[in-house]
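Beneath this line is the structure, given in structure tokens, with notes to follow.
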Number of protein chains: 2
Amino acid sequence: MPAEKKHKGPIMFPKATLERLKLYHTLLQEEKNEYISSDEIARKLSIKPEQVRKDITYLDYSGKPKVGYHVSSLLDTLDELFGTKVTDNIIIVGAGHLGKALANYDGFENYGISVVAIFDNNPEKLGTYVGELVVLPLDDLGRVIRRFNVKIGTICVPGESAQKIADLLIKKGIKAIWNFAPVILEVPEGILVENEDIARSALTLKHLLDRTPTEKI
Amino acid sequence: MPAEKKHKGPIMFPKATLERLKLYHTLLQEEKNEYISSDEIARKLSIKPEQVRKDITYLDYSGKPKVGYHVSSLLDTLDELFGTKVTDNIIIVGAGHLGKALANYDGFENYGISVVAIFDNNPEKLGTYVGELVVLPLDDLGRVIRRFNVKIGTICVPGESAQKIADLLIKKGIKAIWNFAPVILEVPEGILVENEDIARSALTLKHLLDRTPTEKI
DNA sequence: TAGATTGTTAATCGATTAACAATC
DNA sequence: TAGATTGTTAATCGATTAACAATC
């Protein structure tokens, strides 16, 4: 059936809009007042108020003219959008400093993320505790993924082994990879990858910093 | 002097281009061959080859028709752009799990980042070691910033105290903030903020995952 | 030379902004 | 009601893509 373009179902958000919606989410969580205006949101994020209003039109939500947006119900709408009230079980592969920090990260609670296991093949780490979790061998991956219905796998291993781990995770049924390793992963179609290489993100900072006009002496 | 629009000096890159250039940087670091084509870069990143070529025109670099881009010299150009060969000293505030993981992160070496100090005001942490660094009290901030010419301050404290720490860092002379706390910071003009709230970045993953067509049963 | 690949210009597309209408 | 703020439409701007010229 051609000429059938607009179908019901998941609305696609412009990527930039989605990024801003995440920032609104953070901002609203901090907000103490009952209502907030597009002007105030914009000011705090250094963007334009019409941008904020436009972004919000993508949501199934309306503000009140003359009053602003009702903070808690806009937050509910965003929680719905991101699924933060639905808990997703995730696993972490790699019990190095970063893997351990993530396993212990308490910020996940508010976001519907629960770390159910951490894996490592280093015999010295196997069986040790990371918070309340015991470090498990990779052989247990499949079992844990099935048992906890895990869709998201977090990669915290060195770059050299990241692709191998990605392949393994996918083979064991993972649908999305949260990649903290400093490499570009190749994955089959349909598998999501979210890159989170921490050093790479510092590049933006370094780039902008170096270009800031030099101070007068 | 009006009508003077195009001035020499730092070229401004479109934000999206800059993001991709970071990915090219990562990709080229892994590349074993001497040359790489725009087609291959595009394939690995799931983008279009003309996008890659266009992005590269922003750089002071030319490829070779019929051959491709010379990997090591393109990498040099990108290193120059991001300043990865120039070491920036950074400090970390907050010696929790994440702060400690960052202090120990060995991926920074390749990116021209050196962690010179970690701070915390919790008396139980003061004086303890994080890798080779001793946890220092916030009172030492100014001294360390001056001594090591620190421009980048990393915030790894809980959301509640993040704004206070940001204010303090700026007062002590920091020019850029790398913010791992789950809040939006307000800073004076001229101060850079790079947000890196880890849980927030999981929102994208959750959002997309929830919208993936449900599997047939 | 022919062929492959880069580089560039023009066309298209999409996102942002401006202007203003709607609304409480 | 008047005024403030949202919501929407149209204009602008910028980024992506397509087409093709340049080049080795």
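Every value quoted in this text rests on a predicted model; they were computed, and no experiment measured them. Each chain gets a letter, A, B and so on, in the order its sequence line appears, and its residues count up from 1.
Atom-to-atom, NZ of B/Lys48 to C1' of C/dG14 comes out at 14 Å; the value is rounded to the nearest Å. In this structure, A/Arg53 places its CZ atom 13 Å from P of C/dA19, rounding to the nearest Å. What separates CD of B/Glu19 from P of D/dA15 is a distance of 13 Å, to the nearest Å.
Taking the six-membered ring for Trp and thresholds of 30 and 60 degrees, A/Tyr61 and A/Tyr69 have ring planes inclined between 30 and 60 degrees apart.
Between A/Lys66 and A/Ser38, the residue whose closest nucleotide on DNA chain D is further toward the 5' end is A/Lys66. Nearer to the 5' terminus of DNA chain C, by closest-nucleotide assignment, is the contact made by B/Ser37 (compared with the other of A/Ile47 and B/Ser37).
Residue B/Arg20 places at least one side-chain N or O closer than 4.0 Å to OP1 or OP2 of D/dT16. Between B/Ser62 and the phosphate of C/dG7, there is a side-chain N or O to OP1/OP2 separation shorter than 4.0 Å. For B/Gln51, a side-chain nitrogen or oxygen approaches OP1 or OP2 of D/dT17 to under 4.0 Å.
Nearest nucleotide to the side chain of A/Tyr69, out of C/dT5, D/dG7, C/dT9: D/dG7. Between C/dT5, C/dG7, D/dT16, one nucleotide has an atom nearer to the side chain of B/Ala16 than all others, and that is D/dT16. Considering only the side chain of B/Glu50, D/dA18 comes nearest among D/dT8, C/dG7, D/dA18. Of the candidates D/dA10, D/dT16, C/dG7, the closest approach to any side-chain atom of B/Lys54 belongs to D/dT16. The B/Thr17 side chain lies nearest to D/dT16 when the options are D/dT16, C/dT16, C/dT8. In the set D/dA10, D/dC24, C/dA10, D/dC24 carries the atom at the smallest distance from any side-chain atom of B/Pro65.
Judged by Watson-Crick or G-U wobble contacts below 3.5 Å, the nucleotide C/dT5 has D/dA22 as its partner. Using the Watson-Crick or G-U wobble rule with both distances under 3.5 Å, C/dA10 pairs with D/dT17.
Between A/Thr84 and B/Lys206, the side chains place no donor N or O within less than 3.5 Å of an acceptor N or O (distance only, hydrogens not considered).
A salt bridge does not link A/Lys44 to A/Glu30: none of the charged side-chain nitrogens sits closer than 4.0 Å to a carboxylate oxygen.
For the pairing with B/Ile145, the side-chain contact (heavy atoms from CB on, under 4.5 Å) check across B/Ile91, B/Val116, B/Asn89 returns one residue only, B/Ile91. The only option from B/Leu169, B/Asn195, B/Val193 that meets the side-chain contact (heavy atoms from CB on, under 4.5 Å) definition with B/Ile155 turns out to be B/Leu169.
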